[in-house]
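We name chains A, B, ... by the order of the sequence lines, and we start the count at 1 in each one.
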Amino acid sequence: MLSIKVVNLSKHFKNTVAIRQLNFEFAASRVTCLLGPSGCGKTTLLRIIAGLESPTSGDIYFGDERVNDLSTSRRNIGMVFQYPVVYRGISVYRNIELPLLREKIPASERKKRVTDVIDLLGLGEVADKDITQLDNASRQKVAMARAIARQPKIILFDEPITNVDTSSKLVLKRALKEVMQQLKQTIIYVTHDQTEAMTLADQIVLMKDGEIVQCDEPRKLYLQPESTFGGWFLGNPGMNFFEGECAQAEGKSMVKAPLFPAPLLLDEAYTGDRITIGIRPEHIKVAASPSAGSVRGKVVDNLITIGGQRLLTVEVNDQRIKAKVDHKLGSSLRDQVWLELPLDRIMLFDRDGSRIHRKFAGFRAG
Amino acid sequence: MKGIAKWLHERNLFPYALLVPVLIFFIVWNILPLLWMVGLSFYKYDITTGEPLKFLGMDNYQAIFRDHGIWQALSKTFLFVILAVGLETILGMALGFLFWGSSKMPGRRLALTLLFSPMILTPVAAGTFFRLIYDPVFGIANYYLEAWFGLKINFLGDVKWAYPAVLMVDIWMWTPFMILMTLAALGSVPKAELEAAQVDRLPWIRRLWHIVLPHGKFILMLGILLRTIDAFKTMDLIYTMTSGGPGNATELIAISLFRKAFEAFTMGNASALAIISLLIAIAFTSIYLYILNYKERRA
C-alpha cells in the first residue's frame with residue numbers, strides 16, 4: 001500500500017499563508033487524522049493531496065511517485081466531501097457503481113464489489129431507491145460507499161460527518177470505524193472535532209497556523225501534549241494552565257506556584273525563571289475536606305454538566321482553575337473545597353508553550 | 001403629509017400606498033392598451049380613411065384564419081424559433097462549458113466581454129451592420145467568398161439564402177445570452193459535486209447529466225423560455241435587413257403584424273393578429289412551465 005509524503009510544501013492564498021514549509025509522511029495502510037481549528041490549513045493540505053488545489057511550492061509523493069503534475073482523476077484516490085455528494089437521477093446502487101464503470105473489471109466482479117460495500121455500510125434496504133429520496137446521512141453513506149467500492153489505494157475524508165444531524169453522527173461514526181478497520185488503504189481524515197479524531201485515528205496530526213504541532217497516537221497526544229496549544233485544543237474543556245516561578249536553590253530547581261501548598265522540586269535542573277504548569281480538569285482531585293498536599297479554594301461556578309460530570313470553576317489565590325468531578329460529589333460540594341493536583345499528571349511548558357521534559361519530584365521538605 | 005402617513009399606517013394601507021405609482025404606470029401603459037387592443041380586434045378600423053369604427057364581431061379573426069400568407073408566416077416563425085433557439089442553446093452551452101473550464105486562461109475576461117457585445121447592440125444597428133456585411137457588391141462576406149471560393153452570393157436578395165442568412169444573424173446576436181445562462185447554471189452547481197466527479201473520474205457526459213443539469217436546469221430552461229418568447233417576436237432585426245423579403249421569404253409573424261398595422265393601417269385586423277400572437281406566446285410559456293414542474297408534480 002501507498003504512503004503519502006509531502007516535502008517542503010507551502011500554499012499561499014492572496015493574503016494568507018495556509019500551509020508553511022510542511023514536511024510529513026502519512027503512514028501506509030493507516031488512518032491519520034488531521035485535526036485543528038478552522039483555518040489551520042488541514043483542508044487545504046487534503047485538497048492539495050487530492051490535486052484539487054495546487055501547492056505554491058513543494059512536492060507530493062504517493063509512494064515513490066511524484067504526483068504534483070497529475071490531475072485529480074489520474075491520482076487514483078477516493079474522496080468523501082463535507083457536503084454529501086450524490087449523482088442525481090439514478091438509484092443508490094447505480095451511484096456506487098458509476099465510478100467502477102470505467103475500471104477494466106468484469107461485470108461479475110463489479111457487482112460483487114458494489115454489493116459488498118452496500119452490505120458493509122448497511123445500505124441494502126435503500127439500494128434500489130432513487131438517490132433523492134435519501135436524507136443527508138444516508139447520502140453521505142452512499143458517498144463513502146462510492147469511495148470505497150473503487151478500491152483506490154488512498155481514501156481522503158474531508159469532515160464527512162460535520163453536516164449531518166447529531167443523531168446520525170453516531171451512526172456514521174460507527175460505520176466509519178467499522179469500515180476503517182476492514183480497509184487496508186491509506187486513509188487521511190480531516191476534522192475539527194477531537195472526539196471524531198480520537199475515535200477513528202491510528203495517529204493524529206495536530207495542526208495550527210499551517211504548521212504541524214504534534215503527531216502522535218490519540219491517547220499519547222491527549223495525555224502528553226508537546227505544546228500548550230495541544231493541551232488547550234484537546235479535551236472538553238482543555239487543560240488548565242498557570243504560571244510558576246522557578247528558582248535555583250541548593251543545587252536544585254524549585255518552583256513556586258499558587259496552587260500548591262509548598263514549593264516543588266524538579267527532577268532535573270531547569271534554568272528558566274518562569275514555567276507554565278498544565279493539568280487536565282479531570283485529573284484534579286477535589287474534596288470537601290483538606291488532605292496532605294491540597295490547597296483551599298472557593299467554588300465560583302458549579303452549573304455545567306459535561307457527559308455526566310460536573311464542571312467546577314474554583315478560585316485559588318486569585319487563580320481560576322477548572323475541575324471535572326463526579327456528578328454526585330459535585331452537587332454535594334459547598335463553597336469551600338480542597339484541591340489536590342497529582343504531580344504525575346502535571347505537564348510542564350516553557351514560556352513559548354513548548355513542553356519541558358521535567359517532572360515534579362515532590363515538595364521541598366520543611 | 002404626516003397626517004396622511006399616520007392615517008395609512010393605522011389602517012395597514014402603507015404598503016399599498018407605496019405600490020400605487022407603479023400600479024398607475026402599469027395600468028396606463030400595459031393593461032389599458034391591451035384591453036383597447038382586445039376591443040379593437042372586433043372592429044373595422046382603418047386610420048387612413050378616417051371612417052368611424054365599425055363592429056365586425058369575429059370577422060377579423062376569421063379573415064386571419066383564411067389568410068394563406070399568415071399561415072406561411074406562422075410556419076416560418078415556428079421554424080425560426082426552433083432553429084434559432086435550438087442552435088443558440090447548443091452553441092451557448094458548448095461555449096459556456098468552455099469558458100467555465102478555462103478559468104485560468106489569460107484574457108478570459110476580455111474574451112467574455114467581447115463575446116457578449118452582440119447582445120448589447122440594438123437589433124436595428126446589428127441589422128444594419130449585417131446588411132452591409134451581406135451586401136453583394138461592397139460586402140465583406142462576398143469579398144472573401146469570391147477571393148477564396150470564387151463564389152458570389154446575394155445573401156439577402158436571394159430567396160434561397162435570405163432565410164438562413166437572417167437566422168445566422170439572430171444566432172450571432174443571441175448565443176451570448178445562452179452562454180451567460182449556461183455560466184449562471186454552472187455557477188449554481190455545488191463545487192464539491194464537480195470535484196467529486198473529478199475524483200470519481202466520471203466522463204463529461206455523466207457530469208452533465210447527473211450533476212450540471214439537475215442543478216442548472218431551472219436557469220437553463222428559463223433562458224430557453226426567454227429566448228423562445230423573444231425569437232417569436234423577432235421583428236426589428238430582420239426588418240432592417242430584408243423588410244420580410246425577398247418576396248415573403250423572411251416574413252415572420254411579427255413582420256406581418258407590423259405591415260398590417262403600419263403599412264396597410266388596418267388596425268382592427270392587426271389587433272386580432274396581435275391577440276393571436278399573444279395567445280401563442282402564452283401557450284409556449286405554459287408548455288415550458290409544465291415541463292419544468294413535471295417531475296415535481298409526479299413525485
Asker: Identify which part of B:Arg206 has an atom lying under 4.5 Å from any heavy atom of chain A, answering side chain, backbone, both or neither.
Answerer: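 Interface part for B:Arg206: side chain.
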Asker: Is the positively charged end of A:Arg146 above the ring of A:Tyr87, judged by distance under 6.0 angstrom from the centroid and angle within 45° of the axis?
Answerer: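 Output yes; distance and angle both within limits.
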Asker: Considering only NZ, NE, NH1 and NH2 on the basic side and carboxylate oxygens on the acidic side, decide whether A:Glu97 and A:Arg94 come within less than 4.0 Å.
Answerer: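 Salt bridge between A:Glu97 and A:Arg94, a charged N being under 4.0 Å from a carboxylate O: yes.
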Asker: Do you know the tightest heavy-atom contact between A:Pro160 and A:Leu176?
Answerer: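 Smallest heavy-atom distance, with atoms named: CG-CD1, 4.3 Å.
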Asker: In chain order, what residues pass the side-chain contact (heavy atoms from CB on, under 4.5 Å) check against B:Trp204, with sequence neighbours excluded?
Answerer: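 Once residues adjacent in sequence are excluded, the partners of B:Trp204 under the side-chain contact (heavy atoms from CB on, under 4.5 Å) criterion are B:Leu208.
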Asker: Any heavy-atom pair between the side chains of A:Ile96 and A:Val142 that's under 4.5 Å?
Answerer: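 Yes, at least one pair of side-chain atoms sits under 4.5 Å.
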Asker: Judged by modelled atom types alone, do A:Asp193 and A:Thr191 share a side-chain donor-acceptor pair under 3.5 Å?
Answerer: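 Looking only at side-chain atoms, A:Thr191 and A:Asp193 do not form any donor-acceptor pair under 3.5 Å.
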Asker: Let's test your reading of the structure: which of A:Pro84, A:Ser73, A:Gly51 forms the most heavy-atom pairs below 4.5 Å with chain B?
Answerer: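 If we count pairs closer than 4.5 Å to chain B, A:Ser73 comes out on top.
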Asker: Can you name the residues of residues 220-238 of chain B that have some heavy atom under 4.5 Å away from a heavy atom in chain A?
Answerer: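 The residues closer than 4.5 Å to chain A amount to none at all.
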Asker: Given that the side chain runs from C-beta out, which part of A:Arg102 has a heavy atom under 4.5 Å from chain B: side chain, backbone, both or neither?
Answerer: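 Side chain only.
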Asker: Just wondering, are more than 12 heavy atoms of other shown residues or ligands nearer than 6.0 Å to CZ in B:Phe116?
Answerer: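 It does: B:Phe116 CZ has more than 12 such atoms within range.
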Asker: Who wins among A:Thr132, A:Leu98, A:Val80, A:Ile77 for the most heavy-atom pairs under 4.5 Å with chain B?
Answerer: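 When all of A:Thr132, A:Leu98, A:Val80, A:Ile77 are compared, A:Leu98 has the most.
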Asker: Considering only residues two or more places apart or on different chains, which pairs with a residue in residues 72-83 of chain B satisfy side-chain hydrogen bond (donor to acceptor under 3.5 Å, both in side chains)?
Answerer: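 Matches after skipping sequence neighbours: B:Gln72-B:Asn248.
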Asker: What part of A:Arg47 gets closer than 4.5 Å to chain B, counting heavy atoms only: side chain, backbone, both or neither?
Answerer: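 Only the side chain of A:Arg47 comes within 4.5 Å of chain B.
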Asker: Are any non-hydrogen side-chain atoms of A:Pro55 and A:Asn68 less than 4.5 angstrom apart?
Answerer: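 In short, these two side chains touch, coming nearer than 4.5 Å.
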Asker: Counting a contact as any heavy-atom pair under 4.5 Å apart, which residues of residues 190-199 of chain B contact chain A?
Answerer: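 Counting heavy atoms that sit under 4.5 Å from chain A, the residues of residues 190-199 of chain B involved are B:Pro190, B:Lys191, B:Ala192, B:Glu193, B:Glu195, B:Ala196, B:Ala197, B:Gln198, B:Val199.
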Asker: A:Thr186 side chain to A:Leu2 main-chain N or O, any donor-acceptor pair under 3.5 Å?
Answerer: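 Yes, the answer is positive, given that a donor and an acceptor are paired below the 3.5 Å cut-off.
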Asker: For A:Arg74, does the CZ atom sit with more than 12 other heavy atoms under 6.0 Å from it, leaving out its own atoms?
Answerer: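 No, because the 6.0 Å sphere around CZ of A:Arg74 holds 12 heavy atoms or fewer from other groups.
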Asker: Of the backbone (N, CA, C, O) and the side chain (C-beta and beyond), which part of A:Val86 lies under 4.5 Å from a heavy atom of chain B, both, or neither?
Answerer: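 For A:Val86, backbone heavy atoms alone lie under 4.5 Å from chain B.
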Asker: Would you mind checking if A:Glu103 and B:Arg201 are paired as a salt bridge, meaning a charged N to carboxylate O distance below 4.0 Å?
Answerer: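 A salt bridge links B:Arg201 with A:Glu103.
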Asker: The test is side-chain contact (heavy atoms from CB on, under 4.5 Å); show your working for B:Glu88 and B:Asp170 and say whether it passes.
Answerer: CA-CA 9 Å; B:Glu88 281 158 20; B:Asp170 191 80; 2.7 Å; yes
Asker: Measuring heavy-atom distances to chain B, does A:Leu101 have an atom under 4.5 Å in its side chain, in its backbone, in both, or in neither?
Answerer: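 A:Leu101 touches chain B through side-chain heavy atoms alone.
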